[in-house]
Amino acid sequence: MSVVTVKDKSFETYLDEATIQKRIKELAAKINTDYSGKKPLFIAILNGSFMFASDLFKHITIEAELSFIKLASYKGMKSSGNVVTSIGMDDDLFGKEVIIVEDIVDTGKTLYSFLPKLMHQQPKSLKIATLLHKSEATEYPLQLDYIGFVIPNKFVVGYGLDYDGLGRNLKEIYQLV
Ligand code: 5GP
């Protein structure tokens with residue numbers, strides 16, 4: 001177990017590189033089987049999912065497309081919560097088999113707010129692949145089709161995930177000490 005400092009906080013190893021890579025291969029294998037004969041469009045949500053999307057996509061052996069989008073949430077009136085809009089969403093999803101690629105689902109609010117916008121474009125199917133799921137923290141009803149790891153409700157950093165903009169370059173996933 002190693003401890004790293006990111007900005008002003010200490011984090012300890014939670015998932016090492018080999019464990020992450022092994023699980024990603026398993027997820028890719030499942031997707032290859034489930035989408036055999038189809039041509040899914042992977043939509044990875046920036047910034048956090050860039051490493052996961054890259055490693056997952058390397059193991060996709062069926063014909064597939066990959067796009068990246070960024071979500072921006074604007075605080076609306078207090079009662080209505082966040083309104084999520086996307087940046088870089090220029091694919092036409094009509095009739096496509098879409099797989100959303102997320103780094104982590106925490107409360108689920110971000111994806112839950114964004115999914116209706118995608119469904120509006122009438123994709124043929126829409127599934128979600130997330131590397132991490134804080135299942136205890138999830139408040140919004142989301143169907144997560146491919147989950148890498150269910151993790152406790154503790155802040156994590158590394159492998160694309162940041163703490164205040166830093167730590168994304170770590171190859172392993174670390175948990176707040
Ligand atoms: P949700 O809308 O599901 O509550 O949160 C989604 C976003 O919150 C994630 O895409 C991620 O950017 C951020 N987030 C939630 N938990 C963590 C965490 O433990 N570590 C980091 N780095 N980001 C997190």
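Heads up: numbering here begins at 1 and tracks the sequence.
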Inset, instruction - Would you check if there is a donor-acceptor pair between the side chains of E12 and Y14 at a distance under 3.5 Å? - result: no
Legend entry - Y112 OH: over 12 foreign heavy atoms closer than 6.0 Å: no
Inset, instruction - Count the heavy atoms belonging to other residues, nucleotides or ligands that lie under 6.0 Å from CD of E139, then report whether that count exceeds 12. - result: yes
Legend entry - Joint hydrophobic cluster, I173 plus V105, side-chain heavy atoms closer than 4.5 Å: no
Legend entry - Non-hydrogen side-chain atoms of I104 and I151 separated by less than 4.5 Å: yes
Inset, instruction - Scan I99, L66, L131, L27 and name whichever one has a side-chain contact (heavy atoms from CB on, under 4.5 Å) with L56. - result: L27
Legend entry - Y140 and T110, any side-chain heavy atoms less than 4.5 Å apart: no
Inset, instruction - Give a yes-or-no answer on whether the side chains of S125 and E97 include a donor-acceptor pair shorter than 3.5 Å. - result: yes
Inset, instruction - Please answer: with hydrophobic residues joined when any side-chain heavy atoms are less than 4.5 Å apart, are L118 and L144 in the same cluster? - result: yes
Inset, instruction - Please examine the side chains of D162 and N47, heavy atoms only from C-beta on, and report whether any two atoms are closer than 4.5 Å. - result: no
Legend entry - From L142 atom CG to I100 atom CD1, the distance as rounded to the nearest 0.5 Å: 11.0 Å
Legend entry - Residues Y159 and D103: side-chain donor-acceptor under 3.5 angstrom: no
Inset, instruction - Check the pair K30, E26 against salt bridge (charged side-chain N to carboxylate O under 4.0 Å, His left out), reporting the backbone distance first and the verdict last. - result: CA-CA 6 Å; K30 179 89 172 69; E26 290 169 1; over 6 Å; no
Legend entry - pair D92-Q121: side-chain heavy atoms closer than 4.5 Å: yes
Inset, instruction - To the nearest 0.5 angstrom, please state how far the CD1 atom of I69 sits from the OG atom of S86. - result: 5.0 Å
Inset, instruction - Output, in order, the C-alpha distance, side-chain angles, deciding distance and verdict of side-chain hydrogen bond (donor to acceptor under 3.5 Å, both in side chains) for D8 and Y163. - result: CA-CA 10 Å; D8 54 359; Y163 164 50; 2.7 Å; yes
Inset, instruction - Taking the side chain as every heavy atom from C-beta outward, state whether Q21 and D55 have any pair of such atoms under 4.5 Å apart. - result: yes
Inset, instruction - Check I20 against L15 and note the closest heavy-atom contact, atom names and distance. - result: CD1-O, 3.6 Å
Inset, instruction - Could you check V156, L161, V3, V4 and say which one makes a side-chain contact (heavy atoms from CB on, under 4.5 Å) with Y174? - result: V4
Inset, instruction - May I ask you to check if K117 and F114 form a cation-pi contact, with NZ or CZ under 6.0 angstrom from the six-membered ring centre and within 45° of the axis? - result: no
